[in-house]
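Data first, discussion second: the structure below is written as structure tokens.
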Amino acid sequence: MANDASTVFDLVILGGGSGGYAAALRASQLGLDVALIEKNKLGGTCLHNGCIPTKALLHAGEIADAAREGAEFGVRSTFDGIDIAGVQKYKDGVVQGLYKGLQGLVASRKITYVEGEGRLSSPTSVDVNGQRYTGRHIVLATGSVPRSLPGLTIDGDRIISSDHALVLDRVPKSAIVLGGGVIGVEFASVWKSFGADVTIVEGLPHLVPVEDENSSKLLERAFRKRGIAFSLGSFFKGAEYTDDGVRVTLENGKTFEAEVLLVAIGRGPVSQGLGYEEAGVAMDRGFVPVDEYCRTNVPTISAVGDLIPTLQLAHVGFAEGILVAERLAGLSPVPIDYDGVPRVTYCHPEVASVGVTEARAKELYGADQVVTLKYNLAGNGKSKILKTAGEIKLVRVRDGAVVGVHMVGDRLGEQVGEAQLIYNWEALPAEVAQLIHAHPTQNEALGEAHLALAGKPLHSHD
């Protein structure tokens, strides 16, 4: 492999997704010489196959629902159907605009950007396109891909992944969604808004099973009202083609048929065949284990994003990339409290949370030391205007701080910013209660919930 002065850097980053490019931008800002290597498109899964395009589809679905429901607001509107080519054009326009902006940002920071499939060749080098790039430090940020199950082949035709669903040239008449986590319920929500018949299959007892159980039940109630079917508590057994679609069989013997099957059981790390183990990097089920500073067992190598066993969220990748860059630049970054990371599922209605669930709080502090409060959005003026139902649930330590905020309702993802401040600054309910929240807003519901938890409810019953 060729190697000269132009290929020697302070930092070489393998992977240009959320974690990788965040590390590159921050490291460059701090004066480090950076090479960023990406085999596909800068921006990775989030920008091209995840966060951004799915939320564009969800917004198109929101517009479709609004057209159907105009009469409820005294607006004479009709829904004539989905122009899928138009939806794809809108979605792709959003992605392309952000992509061009990101490319310009990386270029403006004078980061050496290398297009090509890189492979770790030593604890201090990455080979790509016949060239060796050497760094004082290496950051692994190779991301993730959709998972499948043994015996279940994703063919891109009738059995598809989220990648295929994003570029589907039609709205399926019917769909089975295998997996009731974030990806599954978001696509179920989109397709229902577009007019498809949707059934979610989730082996665990609830949809969005990592959320507080109250949030799961509220979402299930809302999905029933929307006509989204779901089967809970029995795992997938097999799938087969029918004359015009797919049949799915569960372990309990139930069967479901639809035009397409979306496999949405999560994402697995991209780590095989990239030289990690040969360079001495410890592995665990394909993931790269790290410490609280994202350091691997190899002193010259860090890892961030979906490649490591932390929350698979773009903003977590951003934070991990920034943390690594600041550590390598000699600063003293604070390790990430992953419980304090805001989490949003952008279905209709939205599910948003930060902190720990009630069940987890009882494990940590003892059942007798946990206090909860539910504030129904029926008492919130703006939510009433929007015709959205849901709740805000607070979890606190008795006579102590709020340790969990769990919200269900349209647009409540926008309220998770204040919620994360409440959790991360260890706020007492009385401290939040004394803050004035604008009326009428949904943000006000968060304030009213804390008023009630502090013992002085306003627009709610004692």
Side-chain angles (χ1 to χ4, degrees), residues 11-28 34-57 91-109 111-120 126 128-129 133 138-147 161-167 182-183 186 264 266-274 276 286-288 290 294 301-325 336 341 344 346:
L11 182 59
V12 175
I13 302 168
L14 182 56
S18 301
Y21 83 69
L25 292 172
R26 183 63 176 134
S28 176
V34 180
L36 178 61
I37 299 165
E38 170 56 49
K39 70 175 182 178
N40 291 320
K41 290 183 177 180
L42 182 64
T45 295
C46 173
L47 179 53
H48 300 284
N49 302 98
C51 323
I52 300 302
T54 55
K55 278 50 180 182
L57 294 183
K91 179 205 72 179
D92 292 344
V94 172
V95 172
Q96 282 301 117
L98 291 170
Y99 180 40
K100 289 179 181 178
L102 182 57
Q103 288 175 305
L105 187 59
V106 167
S108 72
R109 298 281 176 88
I111 294 164
T112 299
Y113 181 65
V114 183
E115 291 185 2
E117 187 167 356
R119 188 178 190 277
L120 189 65
V126 174
V128 58
N129 301 334
Y133 293 82
I138 304 292
V139 174
L140 306 178
T142 44
S144 63
V145 291
R147 284 187 185 275
S161 71
S162 57
D163 289 350
H164 302 117
L166 283 170
V167 295
V182 173
I183 297 171
E186 288 188 350
R267 300 181 64 88
V270 175
S271 59
Q272 295 303 306
L274 297 178
Y276 294 175
F287 290 100
V288 175
V290 295
C294 295
I301 299 177
S302 297
V304 299
D306 287 1
L307 180 63
I308 67 176
T310 55
L311 294 169
Q312 291 185 326
L313 298 169
H315 45 287
V316 168
F318 295 151
E320 290 167 345
I322 292 168
L323 182 150
V324 168
I336 298 166
V341 172
V344 185
Y346 294 89

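The local environment of CD in E117 is sparse, with at most 12 non-hydrogen atoms from other residues, nucleotides or ligands closer than 6.0 Å.
The nearest pair of heavy atoms linking L36 to A24 is CD2-CB, 4.1 Å. Nearest approach of G20 to V304, heavy atoms of both residues: N-CG2, 4.3 Å. Of all the heavy atoms in A27 and L11, the pair that sits closest is CB-CD2, 3.7 Å. Residues V324 and C294 approach most closely at CG2-CB, 3.6 Å, considering heavy atoms. Of all heavy-atom pairs spanning P53 and H48, the tightest one is CG-O, 3.6 Å. Shown here for V344 and E186, the closest heavy-atom pair between the two residues is O-OE2, 4.4 Å.
Residues L120 and L274 fail the side-chain proximity criterion, which asks for heavy atoms closer than 4.5 Å. Residues L42 and Y21 have side chains in contact (heavy-atom distance under 4.5 Å, counting atoms from C-beta outward). Side-chain contact between L307 and V270: absent, with no pair of heavy atoms (C-beta onward) separated by less than 4.5 Å. Residues E320 and I336 have side chains in contact (heavy-atom distance under 4.5 Å, counting atoms from C-beta outward).
Here the CD1-OG1 distance, from I13 to T142, works out to 12.5 Å after rounding to the nearest 0.5 Å. Atom CG of L313 is separated from atom OG of S18 by 10.0 Å, given to the nearest 0.5 angstrom. The structure places CD of E115 at 13.5 Å from NZ of K39, a figure rounded to the nearest 0.5 Å. Atom CD1 of I37 is separated from atom CD1 of I138 by 7.5 Å, given to the nearest 0.5 angstrom.
Between the side chain of S271 and the backbone N or O of G286, at least one donor-acceptor pair lies under 3.5 Å. In terms of modelled atom types and a separation under 3.5 Å, the side chain of S28 and the main chain of R109 share a donor-acceptor contact.
The salt bridge (charged side-chain N to carboxylate O under 4.0 Å, His left out) check on K91 picks up nothing, with sequence neighbours excluded.
Of the candidates D92, N49, V95, L166 forms a side-chain contact (heavy atoms from CB on, under 4.5 Å) with just one, namely N49.
Between the side chains of T112 and Y133, not a single donor N or O lies within less than 3.5 Å of an accepting N or O. For the residue pair S144/R267, the side-chain donor-acceptor check at 3.5 Å is satisfied.
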